[in-house]
**Student:** 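Would you mind keeping the following structure in view while I ask a few things?
Each chain gets a letter, A, B and so on, in the order the sequences are listed, and its residues count up from 1.
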Amino acid sequence: MLFSSSIFLFIFLPAVLLGYYLLRGQRARNLLLLGASLLFYAWGEPVYVFLMLFSICANYLLGRGIDARRGGGRKTLLILAVVLNLGLLFVFKYLDFTIENLNALLGLQIPPVELSLPIGISFFTFQALSYCIDVYRGTAEVQRNILDLGLYISFFPQLIAGPIVRYNSVAEQIRRRTVDAEGFQQGVMRFILGFAKKILLANNLSVAAERAFTLAGAGELSTAMAWLGSLSYSLQIYFDFSGYSDMAIGLGRMFGFRFEENFNYPYISRSVSEFWKRWHISLGRWFRDYIYFPLGGSRVGKGKLLRNLFAVWLFTGIWHGAAWQFIVWGLMYGVLVAFEKLSGIPGRLRTKAGKGLYATLTLLIVNAGWVLFGAQSFDAALCQLGAMLGLGAAGAADPARFLFSESWVFLVAGAVLATPLIPRALRKLTAGREDRPLVAVGRAALYLLLLALSVSFLAMGSHNPFIYFTF
Amino acid sequence: MKKLFSLRNLTALCFLLFLAVFFLLSLKPFLRESYYAIRAGGDTALAESRFNDFLPGKEGWVTLNGGVQRLLGRREVNQRYRLENGQMTYIIPELDMEPIAQNTVDFARALEERDIPFLYVNLLFKVDEQDKQLPPGVEDFSNENADRFLAILRREGVDCLDLRELERAEGLDHYSLFFPSDHHWTPETGLWASARIAAALAEREPSLAADLSLMDPANYDRDVREGIFLGSHGRRVGEWYIGADDLSILTPRFETRLRFSVPELELVREGSFAETMLFPEKLEQTDRMHSAAYDVYTGGEYGLLRVENLLGGNGKRLLVLQDSFSLVIIPFFSLGYERVDYLDLRLWDGDLLAYVDETQPDAVLVLYNPGALEDNNTVMFDFFR
């Protein structure tokens, strides 16, 4: 089930909220949330809910085992947990990619397994791994209640598109949490904001982006269409992904959870390194805590630093999808971050013009990166990047002008809303006046308008892509 | 949560009220559509899609959305395009016509072996080949597809009637032949097409000649119902975007006595044109998202519809393969013949040639519009099942 569906909004969410607030006691509420989460997952993937249950049971037993043992046995169980979780991910996500490459490399003819990818598997396996590692490190207490661990791994708000919640950041909240009216309202506002970002902006921007990717695949892309497509996709993926995160964070707050932020206006970054501190923050932190730091982080020699960086970025690329374009995309960021770390740029730039130029360059690189990320194939990505550099070859009819006339409003709105300008202005405007009737009514009217407009797009059955199937 | 009921938390309260109202209104359609999906052997996607179709306040939501899209000046909404003249259409990509043309040729040959005349009639598509009215950069290939399709049929000696040629020859205003909010043509156009098809049939087979005065607009009364029809495009984009269309109810001034039967529904109506061909209750329906006033003619689409002229017509029996465009052809065209069987291959699953052998029609016609042409043998061109 997707948040951006009428069944979620009109049936699932009200039913779960009603049940949650009718029940008394954390245990009953957790049980309800676990049941709802499994139903949420089973709605679109009835078979793979058993995979989820297996993951919960196996990680529960491994966690208990790690906690109970000392010495070598403890490490063996941790290795087993890593192998099991990554093994699941490998079988469902990377096995066919591996077979395809082995066939190409060694001239073999191994048939592909063609397993469909369980939705959200990259998110929940990383969460399960985080639990086992945290228990091993002693940074979190073992979870003795399998139902509570099940809730952590399968909790529906962050199940299919993150944020990746590390166990030690929510362990206490699973045991004990409270919801106050203020927190609930914050959750509602955050959910509506994310819902609107996804449906009003991301979905409408996706039309031009997808058209450009299709034309690039056919080798019929003009320079104008290539740019329109790439800029639309850059904004689409931001509003889609951050919209999902906003919805997850908002839903979490409605049930008393506080998840960490996942996005922080990444397109205002002044460097590539800064971009990755603002984009998909939970994934960056996961890799930092569970790969980069254990390898020695940056407090090592240059050679090891490069190794550590490339390991993280290789995994980042692979995590996003089983295709070479994701690996190249990840490694591209590895090179850029290594360059910035070793050269001290942009910190060493003294002039405003230099810093501004570097920030612009960062945006252009990120934009080109998204072409690589979203294209139908590596060749199609090169075609689109070539077209952006003026090597385009439009087909009989170039749709750029029409699609721009259709989507310029969303492009402009997206560009403005990708910066903190409006939230800052609103905060300034309402600072100290939150309790005034006019502010309360105005705020409610604004959020209801966003909700109504978003629902109107849902009701229309308009284009509503889910772009995390490869994750 | 005791402090929830304060003005400060108005946003949360409104949201909860919104959820509560829509939850209560949605429960019934959700349970009904989920049950339907399960019974139909479908999955959750089917349940979801059907629930979305019956969302509480669906027309209101679509209307609101259409208003916003109109304000934004958008010309593509929900895969429908607004033409320069304000009408709506969908577009068709360039397709390979060879497979369906070959199947049509084979079908014509099979009828030839049975000594049954065959006529393929190419109806009109919303987009005019010579005046497309589409936004710049948007292409429609429906007419080009039809040109290539008809060229193959003619090359193979299959008899064709292209209504586009007659339309041009008569200098008709193409877009006035269609409903602005729909891809279908108006009843007036259906009446015009009926007369042209009957005339073409008579020209080819004089023994099939029908009394063309039965299809002459001068012999019909016209009752215009203003703003009553929200077409299929209109249902996707909302009335605030495209507006609702007028619908004419045409009734003959001459005597008629017909039998209208739909075997699958065990429906048999006998009486005058108005008593058999018209379903006035279709004009009264308030749920415009799931009903169309256009269905006032014949009541809707059926797998097999048989119309018998109890006054005898010209004594000839025809078999017509058709789709929804014929809803406004059937009432008028049928008047000229003794009996016409109308098959819609999307809804009828019998053996077509066995049916031909069983009913022995005096001629077989296919009435399809260019929008029905596909690049493989989809059900409408599956003549040999």
**Student:** Which region of A:A452, side chain (C-beta onward) or backbone (N, CA, C, O), has a non-hydrogen atom less than 4.5 Å from a non-hydrogen atom of chain B, or is it both or neither?
**Tutor:**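 For A:A452, heavy atoms of backbone and side chain both lie under 4.5 Å from chain B.
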
**Student:** Give a yes or no on whether the backbone of B:R75 and the side-chain of A:E406 come within a donor-acceptor separation of less than 3.5 Å.
**Tutor:**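 Yes; judged by distance alone, with no hydrogens or angles, the pair exists.
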
**Student:** Does any backbone or side-chain atom of B:L55 lie under 4.5 Å from a heavy atom of chain A? Answer side chain, backbone, both or neither.
**Tutor:**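 Contact with chain A involves the side chain of B:L55 alone.
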
**Student:** Do A:N204 and B:R74 make a side-chain contact, defined as non-hydrogen atoms from C-beta onward lying under 4.5 Å apart?
**Tutor:**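 Result yes, sub-4.5 Å side-chain heavy-atom pair found.
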
**Student:** Between B:V21 and chain A, with a heavy-atom cut-off of 4.5 Å, which part of the residue counts as in contact: side chain, backbone, both or neither?
**Tutor:**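 Contact with chain A involves no heavy atom of B:V21 at all.
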
**Student:** Name the residue from A:L18, A:L13, A:L451 that meets the side chain to side chain contact (heavy atoms under 4.5 Å, CB included) definition with B:L19.
**Tutor:**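 Exactly one pass, corresponding to A:L13.
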
**Student:** For B:A12, does its backbone N or O pair with a side-chain atom of A:Q185 as donor and acceptor, under 3.5 Å?
**Tutor:**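 It does hold such a pair.
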
**Student:** For B:V68, which atoms come within 4.5 Å of any heavy atom of chain A: side chain, backbone, both, or neither?
**Tutor:**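 Contact with chain A involves the side chain of B:V68 alone.
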
**Student:** Between NZ of B:K58 and OG of A:S456, what distance do you get to the nearest 0.5 Å?
**Tutor:**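 These two atoms lie 11.0 Å from each other.
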
**Student:** Quick one, B:Y81 and A:F402 - any side-chain contact, counting heavy atoms below 4.5 Å?
**Tutor:**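 SC-SC contact between B:Y81 and A:F402 confirmed.
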
**Student:** How long is the straight-line distance from OH of A:Y447 back to CG of B:L10, given to the nearest 0.5 Å?
**Tutor:**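 Between B:L10 CG and A:Y447 OH, I get 13.0 Å after rounding to 0.5 Å.
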
**Student:** Atom OG1 in B:T11, atom CZ in A:R443: separation rounded to 0.5 Å?
**Tutor:**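 B:T11 OG1 to A:R443 CZ: 5.0 Å, rounded to 0.5 Å.
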
**Student:** Determine whether a donor-acceptor pair (N or O, by modelled atom type, separation under 3.5 Å) exists between the side chain of B:N52 and the backbone of A:L458.
**Tutor:**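 It does hold such a pair.
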
**Student:** Does any backbone or side-chain atom of A:M460 lie under 4.5 Å from a heavy atom of chain B? Answer side chain, backbone, both or neither.
**Tutor:**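 Contact with chain B: backbone and side chain both.
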
**Student:** Once you round to the nearest 0.5 Å, how far does OH of A:Y21 lie from CG of B:L16?
**Tutor:**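 Answer rounded to 0.5 Å: 9.0 Å.
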
**Student:** Side chain from CB out, backbone as N, CA, C, O: work out which of these in A:A15 comes under 4.5 Å of a heavy atom of chain B, or both, or neither.
**Tutor:**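 Contact with chain B is through both the backbone and side chain of A:A15.
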
**Student:** With chain A as the partner chain, list the residues of residues 230-244 of chain B whose heavy atoms fall under 4.5 Å from it, by residue number, and write 'none' if nothing qualifies.
**Tutor:**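 Residues of residues 230-244 of chain B touching chain A at under 4.5 Å: B:R236, B:V237.
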
**Student:** With distance as the sole test, does B:E48 use its side chain to make a donor-acceptor pair with the main-chain N or O of A:S5 at under 3.5 Å?
**Tutor:**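 Answer holds: no.
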
**Student:** Where on B:F22 is there a heavy atom nearer than 4.5 Å to chain A: the side chain, the backbone, both, or neither?
**Tutor:**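 Both the backbone and the side chain of B:F22 come within 4.5 Å of chain A.
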
**Student:** Would a 4.5 Å heavy-atom cut-off, applied to side chains only, mark A:L448 and B:F15 as touching?
**Tutor:**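 No, every pair of side-chain atoms sits at 4.5 Å or beyond.
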
**Student:** Under 4.5 Å from any heavy atom of chain B, what part of A:V439 do you find: side chain, backbone, both or neither?
**Tutor:**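 When you check distances to chain B, no heavy atom of A:V439 falls under 4.5 Å.
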
**Student:** Is chain B contacted by the side chain of A:M254, its backbone, both, or neither, given a heavy-atom distance below 4.5 Å?
**Tutor:**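 Just its side chain gets close to chain B.
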
**Student:** Quick check for you: among A:I11, A:V409, A:L9, which has the greatest number of heavy-atom pairs under 4.5 Å with chain B?
**Tutor:**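 Option with the top pair count is A:I11.
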
